[in-house]
J.: 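Structure in structure tokens, see below.
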Amino acid sequence: LASSSALASPIASLDGTGIKPETRVLVLGHGREGSSAARFLASAGVTVTVADCSVHAKHALIDDADIQLAPEDPALLDVADSVLVSPGIPDSNVLLAAAVKRGLPVTTATRLFFTNCPCPVIGVTGSNGKSTTASLIAAILQSAGIDVALGGNIGHPMLDLLPNLSERSLAVVELSSFQLQLLDRSPHVAVVTNITPNHLDRHGSFAAYVEAKRHIVFNQKPSDVAVLNCADPRARDFAVSTSARVRWFGHDCRDIPSAHVSDGWLVFDDGHTKKPILPASDVSIPGRHNVENVLAALAATQEMAIDADILRSAIKAFRGLPHRLQHVATHEGITYVNDSIATSPERAGTSIQSIDTPVVLIAGGRSKHLPWTPVLETGAGKVHSVILMGEAADEIEAAIYDAGLSPRLLTYRAGSMVEAVDHARARVHRGDTVLLSPGCTSFDMFKDFEERGRAFTSAVEGLWQR
Ligand code: ADP
């Protein structure tokens with residue numbers, strides 16, 4: 001990997017904590033981001049070892065003999081000057097805890113990226129809507145002819161973007177709370193979609209999760225921009241933690257300069273003029289939450305002074321990302337929607353609210369032990385049947401019973417996705433939507449949410465062959 005931008009200028013430290021070419025770095029985690037960081041460091045001349053609990057013997061990384069891959073062995077710390085931790089590694093990890101105890105500097109791929117990125121960065125965080133908003137921003141910038149690269153938590157490691165970035169580029173990066181946790185710099189434009197309780201198992205408390213997210217604005221300069229959701233109390237509170245100019249967005253944020261909805265139009269009000277951008281009905285991605293994501297993207301791209309026609313056509317053309325309220329098929333008057341990304345009950349609730357027809361819901365998987373009752377109560381008028389799968393089936397059924405919804409809300413059990421879709425097909429009426437919005441993670445039955453979404457799509461496509 002040619003990390004030309006990292007090596008072009010004489011950088012004293014590759015990450016601001018002291019990693020230099022002569023440093024020995026132990027990378028914790030052999031996932032996508034850990035592997036990308038290992039390759040980046042090795043190409044900069046750093047001696048790299050990658051430790052991962054799934055590795056049982058020491059060997060060289062495939063395709064790159066300069067990087068050792070090893071089991072998690074505390075002895076590795078004896079020959080490390082610094083540790084780079086992947087976002088998936090919890091603080092309780094034995095090697096990480098021992099490294100901290102020894103006083104070894106701990107860094108992240110995100111720090112390496114921010115130190116070495118040659119162009120301004122637009123960072124997007126939030127509990128929900130990060131990928132959609134980041135993709136919208138990138139789509140708008142691309143339509144305006146700007147050299148833009150999209151990466152980060154969305155699935156493309158941000159360090160892999162570096163070789164293709166120049167000073168004239170713009171990097172749009174999706175940032176999770178884990179990627180923000182140890183960050184000592186903030187992006188030029190920082191977007192916060194919303195903040196609700198998430199990942200509390202890893203962060204320990206909601207307060208710690210909010211503090212991790214706060215890093216996205218904390219080190220901004222007055223010339224930077226913070227794009228904040230005016231309707232979200234925690235995101236709103238970030239305004240006092242930043243030196244940047246704040247741009248607000250939100251559906252009902254009409255009383256202050258902001259991106260908002262007024263008389264059915266998405267409008268940008270800069271405090272002097274109100275610019276109508278496009279009718280809300282022209283937004284192709286479904287649901288009120290997606291209008292909010294578009295407003296965030298409009299606020300984030302305001303300073304690029306993009307022509308309203310370009311904004312309008314880029315937003316109209318944006319069809320959303322796979323597995324997020326993705327239209328799979330309409331067959332015999334029944335619509336099938338894949339929302340496999342919905343791994344919490346709250347997200348399933350948002351999705352149910354976005355659908356205008358009666359719903360047969362396919363839910364379940366591995367529980368995150370979050371409350372189902374509010375979702376069930378708000379969805380009960382729309383959802384008439386729930387097909388339950390996976391480990392959480394009992395828990396969801398008990399919640400339906402406890403909420404007193406069991407006579408109205410019919411439940412069925414399925415042992416596989418094909419069975420779930422078959423059950424759903426047997427329960428729908430013309431005009432209904434069959435919605436896969438599991439409210440749980442996929443790991444009890446699938447590799448990840450994407451595999452689960454693909455299983456749904458192929459089960460739906462198989463319907464007219466079965
Ligand atoms: P993330 O990247 O934060 O995981 P995505 O853009 O991938 O978010 O959207 C995933 C799901 O989160 C959507 O299918 C929807 O259920 C929910 N969601 C998206 N945007 C928002 C929003 N602005 N507010 C609330 N929920 C949202």
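Atoms within a ligand are numbered from 1 in the order they appear, just like the ligands themselves. Throughout, residue positions are numbered sequentially from 1 according to the sequence presented. The shown structure was predicted, so the numbers you read here are calculated from the model rather than taken from an experiment.
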J.: If you have a sec, work out which protein heavy atom is nearest atom 24 (N) of ligand 1 and how many Å separate them, to one decimal?
T.: Asn194 ND2, 3.4 Å

J.: Could you state the interatomic distance from CG (Asn229) to CD (Glu292), rounded to the nearest 0.5 Å?
T.: 5.0 Å

J.: Taking both backbone and side-chain atoms of Ser131, is any N or O found less than 3.5 Å from an N or O belonging to ligand 1?
T.: yes

J.: Classify the contact between Asp339 and ligand 1 as side chain, backbone, both or neither, using a heavy-atom distance cut-off of under 4.0 Å.
T.: side chain

J.: Using a strict 4.0 Å threshold on nitrogen-to-oxygen distance, state whether Arg425 and Glu332 make a salt bridge.
T.: yes

J.: Using non-hydrogen atoms of the residue, decide whether Ala348 is closer than 4.0 angstrom to ligand 1.
T.: no

J.: Ignoring hydrogens and angles, tell me if any N or O in the side chain of Asp270 forms a donor-acceptor pair with the backbone of Thr273 under 3.5 Å.
T.: yes

J.: How far does CG of Leu162 sit from SG of Cys119, to the nearest 0.5 angstrom?
T.: 8.5 Å

J.: Check whether any heavy atom of Thr350 sits under 4.0 Å from an atom of ligand 1.
T.: yes

J.: What residue and heavy atom of the protein are closest to atom 4 (O) of ligand 1, and at what distance?
T.: Arg347 NH2, 2.8 Å

J.: Who's the nearest protein heavy-atom neighbour of atom 7 (O) of ligand 1, and how far?
T.: Arg324 NE, 2.5 Å

J.: Do Ser262 and Arg254 pair up side chain to side chain, a donor and an acceptor below 3.5 Å, judged on atom types alone?
T.: no

J.: So, does Asp269 use its side chain to make a donor-acceptor pair with the main chain of Lys274 at under 3.5 Å?
T.: no

J.: Run the numbers for me: atoms of ligand 1, each under 4.0 Å from some heavy atom of Asn293, listed by number.
T.: 19 (C), 20 (N), 21 (C), 22 (C), 23 (N)

J.: Among all protein heavy atoms, pick the one closest to atom 6 (O) of ligand 1 and tell me residue, atom and distance.
T.: Thr132 OG1, 2.5 Å

J.: May I ask you to identify, for Asn128, whether its side chain, its backbone, both or neither come under 4.0 Å of ligand 1 on a heavy-atom basis?
T.: both

J.: Taking Ser86 for its side chain and Ile89 for its backbone only, find out whether a donor-acceptor pair lies under 3.5 Å.
T.: no

J.: Assess, by modelled atom type and distance only, whether the side chains of His384 and Asp432 contain a donor and an acceptor separated by less than 3.5 Å.
T.: yes

J.: Taking distance alone, with N or O pairs closer than 3.5 Å, would you say Gly129 contacts ligand 1?
T.: yes

J.: Under 4.0 Å, counting heavy atoms only: does Glu174 come that close to any atom of ligand 1?
T.: yes

J.: Quick one: does Ser284's side chain have a donor or acceptor within less than 3.5 Å of a partner on Ala317's backbone?
T.: no

J.: Of the side chain and backbone of Ile341, name the one, both, or neither that has a heavy atom under 4.0 Å from an atom of ligand 1.
T.: side chain

J.: I need the single residue from His203, Lys213, His215 that forms a side-chain hydrogen bond (donor to acceptor under 3.5 Å, both in side chains) with Ser177. Which is it?
T.: His203

J.: Among protein heavy atoms, which sits nearest to atom 16 (O) of ligand 1, and what does the distance come to when rounded to 0.1 Å?
T.: Ser351 OG, 3.2 Å

J.: How far is atom 18 (N) of ligand 1 from the closest protein heavy atom, and which atom is that?
T.: His289 CD2, 3.5 Å

J.: I want to know if ligand 1 touches Asn290 in the polar sense, i.e. an N/O pair below 3.5 angstrom.
T.: no

